[in-house]
Amino acid sequence: IEGSNLNVSTICLGTWAIGGDSWGEYDEKNAVAAIETAIEKGINFIDTAPAYGRGHAEKLMAPVIAKHRDKLVIATKCGLDITRRMMIDLSPDFIRKDCEESLKRLDIDTIDLYQCHWPDPKNPLDASMEALVRLRNEGKIRYIGVSNFNAAQLAEASTYTNILTLQPHYSLLERSIEKETLPLCRERKISVISYGSLGAGVLTGKYIERPVFRRDDSRSFFYRFFKEQYWPRVMGLVDAVKRIAHERNVKPGHVAIAWILSHEGCPSAIVGAKTPEQVCDNLGGADLELSAEEIERLNTLSAGIYD
């Protein structure tokens, strides 16, 4: 990651689903095996948060991290209070409390990349950033990042301290950051670590019919591309992804990941997995280089989905 000594794999293991409470069926043994498989296969970057399973994802990772700590880059987040219905809180006191609790659950001394999970309009951003700088000075965290900040919030945050990374929702199905946020990141040398890289699985080609999820499943409310009015265009894009995958003898998900990594300033794409098989499925995206013509084809089709 530019501006740091963090050398990260181009695939980052995302652990929202490993938390076990908002992504449908879940098997804990498989979840642990997914983390172990990721590390075995060369993924050294793992992203988590207290909000994933209300601390469960962090706890689950701890024994695996302990065996490989020296070669892993661990990213987690602060600012969602798991005891108060995920209330956003970036007050200095809560940031410190959140950090201490994550360190305890993860059973580590230092968090490599500590990110504000969501912007908090109730608390002044300068105070939040000061709290993070204090934690960095104390050695509890190494680098500061933010997640889900828009261009204005990111610009303000970066006036108070060095922001290493932005973690936005970014994929072929969600390109809104390209208008203002991505150019700002390039200008300020802030690396973009995408989440939702496979569009909640849509870009793997696994859905033929539009799925309907239970209300407690995050996919039922978090992603706009599952809505009925957009689904025909979404499927048009997925068909194009499948065609390119077929031509290149790779999987559709590899094409979706390679598209993200083709962008300047995007060193790693977060891809979630609940099983070792899913981890292995995702790895091919790291080595695939799309041609300019393929990128243009995908850009054109994905641009008009929400018009």
Side-chain angles (χ1 to χ4, degrees), residues 1-19 31-32 34-52 55 57-79 98-117 132-133 135-148 161-168 170 185 189-197 257 260-261 263 265-273 276 278-279 282-283 285-287:
I1 298 175
E2 190 178 359
S4 76
N5 63 0
L6 301 180
N7 293 312
V8 299
S9 47
T10 50
I11 304 285
C12 172
L13 178 67
T15 60
W16 189 3
I18 283 169
V32 173
I35 303 166
E36 286 170 340
T37 302
I39 297 166
E40 273 165 34
K41 298 288 183 184
I43 292 174
N44 75 336
F45 191 17
I46 305 178
D47 178 77
T48 190
Y52 303 163
E58 288 183 327
K59 275 187 194 158
L60 207 60
M61 287 164 58
V64 187
I65 292 171
K67 289 185 271 185
H68 308 277
R69 180 64 187 112
D70 57 335
K71 64 181 182 188
L72 295 179
V73 174
I74 303 299
T76 191
K77 306 181 188 76
C78 61
D98 226 8
C99 181
E100 300 282 7
E101 287 176 357
S102 282
L103 286 166
K104 205 176 288 179
R105 282 190 293 263
L106 290 162
D107 196 20
I108 56 178
D109 298 323
T110 307
I111 294 159
D112 298 308
L113 176 62
Y114 201 46
Q115 307 153 102
C116 298
H117 205 147
L132 290 167
V133 168
L135 291 170
R136 187 174 63 194
N137 293 343
E138 291 167 23
K140 293 182 190 295
I141 66 176
R142 292 176 68 199
Y143 294 99
I144 296 166
V146 296
S147 181
N148 299 303
T161 186
N162 178 43
I163 304 294
L164 187 71
T165 56
L166 169 71
Q167 187 181 134
Y170 188 42
C185 287
K189 296 193 166 16
I190 297 168
S191 292
V192 169
I193 312 293
S194 64
Y195 75 79
S197 309
I257 292 166
I260 291 168
L261 297 174
H263 290 78
C266 298
S268 191
I270 298 172
V271 189
Q278 287 174 343
V279 170
N282 297 332
L283 287 167
D287 304 318

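Only heavy atoms go into these numbers, but all of them, side chains included; no hydrogens, no water, no symmetry mates.
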Would you say the side chains of Thr48 and Glu58 form a donor-acceptor pair under 3.5 Å?
no
Decide whether Asn148 and Tyr195 meet the rule of one side-chain donor and one side-chain acceptor closer than 3.5 Å.
yes
Apply side chain to side chain contact (heavy atoms under 4.5 Å, CB included) to the pair Cys78 and Leu132, showing each step before the final yes or no.
CA-CA 10 Å; Cys78 61; Leu132 290 167; 4.3 Å; yes
For [Y], does its backbone N or O pair with a side-chain atom of [X] as donor and acceptor, under 3.5 Å?
{"X": "Ser191", "Y": "Cys266", "result": "no"}
{"X": "Ser197", "Y": "Ile270", "result": "yes"}
{"X": "Ser268", "Y": "Ser9", "result": "yes"}
{"X": "Asn282", "Y": "Gln278", "result": "yes"}
{"X": "Thr15", "Y": "Ala57", "result": "no"}
{"X": "Tyr114", "Y": "Cys99", "result": "yes"}
{"X": "Gln115", "Y": "Thr76", "result": "yes"}
{"X": "Ser4", "Y": "Ile1", "result": "yes"}

Among Ile43, Thr37, Ile35, side-chain contact (heavy atoms from CB on, under 4.5 Å) partner for Ile39
Ile35
How close do [X] and [Y] get, heavy atom to heavy atom, and via which atoms?
{"X": "Val64", "Y": "Val32", "value": "CG2-CG1, 4.0 Å"}
{"X": "Ile257", "Y": "Ala269", "value": "CG2-CB, 4.4 Å"}
{"X": "Ala286", "Y": "Leu261", "value": "CA-CD1, 4.3 Å"}
{"X": "Val279", "Y": "Ala34", "value": "CG2-O, 3.5 Å"}

Just verifying a value: how many Å separate [X] [atom1] and [Y] [atom2], rounded to the nearest 0.5 Å?
{"X": "Arg105", "Y": "Leu60", "atom1": "CZ", "atom2": "CG", "value": "12.5 Å"}
{"X": "Leu135", "Y": "Leu103", "atom1": "CG", "atom2": "CG", "value": "8.5 Å"}
{"X": "Ile260", "Y": "Ile11", "atom1": "CD1", "atom2": "CD1", "value": "9.0 Å"}
{"X": "Lys189", "Y": "Asn162", "atom1": "NZ", "atom2": "CG", "value": "12.0 Å"}
{"X": "Leu13", "Y": "Lys41", "atom1": "CG", "atom2": "NZ", "value": "14.0 Å"}

One pair to check against side chain to side chain contact (heavy atoms under 4.5 Å, CB included): Leu6 and Tyr143. What are the steps and the verdict?
CA-CA 9 Å; Leu6 301 180; Tyr143 294 99; 3.6 Å; yes
Look at atom CG of Asp109 and say whether more than 12 heavy atoms of other residues, nucleotides or ligands are closer to it than 6.0 Å.
no
Taking the side chain as every heavy atom from C-beta outward, state whether His117 and Gln167 have any atom pair closer than 4.5 Å.
no
Can you find a pair of side-chain heavy atoms, one from Ile111 and one from Ser102, that are under 4.5 Å apart?
yes
Is a salt bridge present between Asp47 and Lys77, judged by a nitrogen-to-oxygen distance below 4.0 Å?
yes
Just one of Lys140, Arg142, Lys71, Arg136 clears the salt bridge (Lys or Arg N to Asp or Glu O under 4.0 Å) bar with Asp112, so which one?
Arg142
For side chain to side chain contact (heavy atoms under 4.5 Å, CB included), just list the numbers for Tyr52 and Ile18, CA-CA rounded to whole Å, side-chain angles, deciding distance to a tenth of an Å, and then say yes or no.
CA-CA 7 Å; Tyr52 303 163; Ile18 283 169; over 6 Å; no
Partners passing side-chain contact (heavy atoms from CB on, under 4.5 Å) against Ile65 (at least two apart in sequence or in another chain)
Met61, Arg69, Leu72, Ile74, Leu106, Ile108
Does the side chain to side chain contact (heavy atoms under 4.5 Å, CB included) test come out yes or no for Leu166 and Ser147, once each step is laid out?
CA-CA 5 Å; Leu166 169 71; Ser147 181; 6.0 Å; no
